[in-house]
Amino acid sequence: MSDEKEIKRNTNDKSRKLSTGDLFFLSFGGQAPFISLLTFGTVMISEVGRQGAFAMLVATIIVALNGLVVNRLSNRFKRGGGYYTYAHYGLTENLGTSTGWVYLAYALSYGGTLLSGGAYVTYYILQVLPFSLPPFVFNQWFIALIISGLASGLVVAGVKASAKYAMVMSSIEMIVIIALSIFFLRDSGWRFYNPISLRISPAFFEAVVFGLGIPTGYGSIAPLGYEAASKSIGKAAIIVVFYGGLLATFFFYSLGALGFTGNLVQYLLTDFGIIGALIIGFIALNDGTLGGVAYILANSRTLKAMSEDKVFPSILGKNVSGKPLYSEILISGIFITIISVLAKFIGLYGVFVVLGGLAGIFNLFIHSSADLSLVRIAAKRMKRHWQEVVVGIVATLVSIGVMLYSFASFSLTMITIFLGWIVLGFFYLEIKEMLSSSTEEG
């Protein structure tokens with residue numbers, strides 16, 4: 001079978017719904033930049049202080065390498081499914097299935113991190129409002145339920161509705177982040193400094209891993225080949241990495257100028273009072289929702305592609321009114337249930353920390369798979385595509401190196417969940433194959 005001919009089936013660009021601009025805003029929304037800066041940023045700054053801007057810059061470079069890989073692969077692979085499709089046709093069917101299996105967990109953990117981050121900021125702000133609210137509103141699981149339910153509702157409403165929502169809210173966030181960064185620099189007395197230091201702290205690479213979660217919104221648009229115009233995914237992926245990463249670097253640089261190392265939410269509330277609380281609460285609510293929308297969309301499209309290849313029941317690959325409605329409903333239900341239940345037992349901040357760490361590990365795994373896919377595909381025509389081979393090899397070495405190094409920084413529980421998920425996927429495929437064999441023999 002010709003890989004590239006197979007994956008270009010059903011690729012009438014005129015029928016696709018999303019433009020490069022739509023994808024950029026969905027991808028930027030997938031970063032949930034405001035929530036990411038408040039949550040991932042709080043962890044990074046508490047660990048490395050002024051080196052936060054440097055850690056963010058290193059994270060941006062790493063993400064940019066993988067973004068370039070996705071750029072090249074998405075131009076070849078017109079079918080939806082993203083990382084699953086890249087590995088399925090670029091490596092082997094089994095590795096493709098394993099990559100898709102891990103991506104499902106990655107999108108859940110990263111999207112769940114953003115949703116729980118938005119819910120956490122909202123919960124925190126509710127505590128300082130000058131008027132009383134019904135007691136049930138302060139249940140953390142209830143807030144998680146509302147925000148994840150809102151994100152799911154937007155997904156089911158349609159991808160164009162999600163894109164329009166992303167465009168409006170992302171534009172507001174860009175303005176707010178830039179304004180805050182300038183405000184912090186002004187408060188510091190315009191204290192400029194060199195953020196790059198050769199004496200890095202022991203927690204520097206852990207901060208880098210958390211930083212990887214900020215500019216990686218393109219991971220949410222990679223699976224949208226069913227709806228995206230030709231080559232638009234690749235263009236949006238590169239643009240959003242540098243825009244989001246450099247914006248975050250500027251934000252952390254301005255905080256470094258202040259010498260700030262505490263809780264960003266508390267700091268913003270202290271400086272801006274009740275008006276600031278209401279604005280931050282509104283943006284946090286919408287930002288967490290937007291991040292959830294992006295990854296519910298991505299997970300449902302990955303599930304659709306895997307179902308088309310009989311990895312999962314074929315009904316999940318069917319379209320209803322032009323979209324994989326059954327996949328969307330299933331993925332939405334999983335998001336709502338897991339985030340709400342976790343919030344009930346370990347609190348929203350605990351959900352953020354656990355899922356954020358898992359997202360970092362899963363992120364490096366799926367990108368390592370994509371990097372190897374590009375190397376194998378480009379190597380078939382080495383003379384014409386030697387640059388892609390080099391990019392793929394460098395990106396692979398960096399991703400695997402950071403993943404192995406970061407293992408020492410994460411708890412045994414997180415690593416056990418990561419490895420356990422991979423083993424669970426192996427058993428699922430083995431049991432499925434045995435059942436298929438039994439049916440054929442019968």
Side-chain angles (χ1 to χ4, degrees), residues 29-32 34-43 46 104-129 133-156 210 213 220 263-266 269 277 280-300 328-363 410-411 413-414 416-418 420-421:
Q31 294 179 0
F34 194 72
I35 289 299
S36 295
L37 292 174
L38 293 182
T39 51
F40 286 119
T42 293
V43 176
S46 66
L104 293 175
Y106 161 71
L108 173 62
S109 55
Y110 191 71
T113 300
L114 302 179
L115 283 167
S116 60
Y120 171 72
V121 175
T122 302
Y123 170 76
Y124 188 90
I125 289 171
L126 289 175
Q127 312 297 311
V128 299
L129 293 178
L133 293 170
F136 69 86
V137 172
F138 296 97
N139 289 326
Q140 295 191 30
W141 67 267
F142 178 77
I143 299 174
L145 177 66
I146 294 299
I147 294 183
S148 56
L150 179 58
S152 299
L154 283 167
V155 169
V156 174
F210 272 93
S220 66
N263 185 303
L264 282 171
V265 178
Q266 291 178 343
L269 289 178
I280 292 168
F282 174 76
I283 294 176
L285 175 64
N286 285 280
D287 201 27
T289 301
L290 184 52
V293 166
Y295 281 94
I296 293 172
L297 279 172
N299 238 358
S300 64
E328 289 179 350
I329 291 173
L330 177 60
I331 293 298
S332 295
I334 291 172
F335 265 74
I336 293 171
T337 301
I338 289 181
I339 296 169
S340 301
V341 170
L342 286 177
K344 172 70 174 177
F345 290 102
I346 63 175
L348 288 169
Y349 187 76
V351 176
F352 166 76
V353 171
V354 171
L355 293 185
L358 289 173
I361 300 174
F362 285 129
N363 174 35
F410 290 102
S411 68
T413 301
M414 287 187 185
T416 301
I417 293 173
F418 169 70
W421 180 253

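In what follows, residues are counted from 1 in the order of the sequence shown.
With values rounded to the nearest 0.5 angstrom, Ser109 atom OG is found 10.0 Å from Ile338 atom CD1. In this structure, CG on Leu150 lies 6.5 Å from CG on Leu285, to the nearest 0.5 angstrom. Here CD1 of Ile334 is found 12.5 Å from CD1 of Ile329. Values are rounded to the nearest 0.5 Å. To the nearest 0.5 Å, atom OG of residue Ser332 and atom CG of residue Leu297 are 8.5 Å apart. Interatomic distance, CD1 of Ile147 versus CG of Leu115, reported as 7.5 Å (0.5 Å rounding).
Note on ring orientation: taking the six-membered ring where Trp is involved, the planes of Tyr349 and Tyr120 are tilted (angle from 30° to 60°).
Without hydrogens or angle criteria, Asp287 side chain to Phe34 main chain gives a donor-acceptor distance under 3.5 Å. In this structure, Ser300 contributes its side chain and Glu328 its backbone to no donor-acceptor pair below 3.5 Å. Formation of a donor-acceptor pair under 3.5 Å by the Ser148 side chain with backbone atoms of Leu145 is found in this model. For the pair Gln140 (side chain) and Gly347 (backbone), a donor-acceptor distance under 3.5 Å is absent.
Here the side chains of Phe335 and Leu108 are in contact, with some heavy-atom distance below 4.5 Å. Between Leu126 and Ile143 there is a side-chain heavy-atom pair separated by less than 4.5 Å. Side-chain contact between Leu154 and Thr289: present, with at least one pair of heavy atoms (C-beta onward) separated by less than 4.5 Å. You'll find the side chain of Tyr106 reaches within 4.5 Å of the side chain of Tyr295, heavy atoms only.
Aromatic rings of Phe362 and Phe418 (six-membered ring for Trp) have centroids within the 6.0 Å cut-off, being under it.
Other residues, nucleotides and ligands contribute more than 12 heavy atoms inside 6.0 Å of the CZ atom of Phe138.
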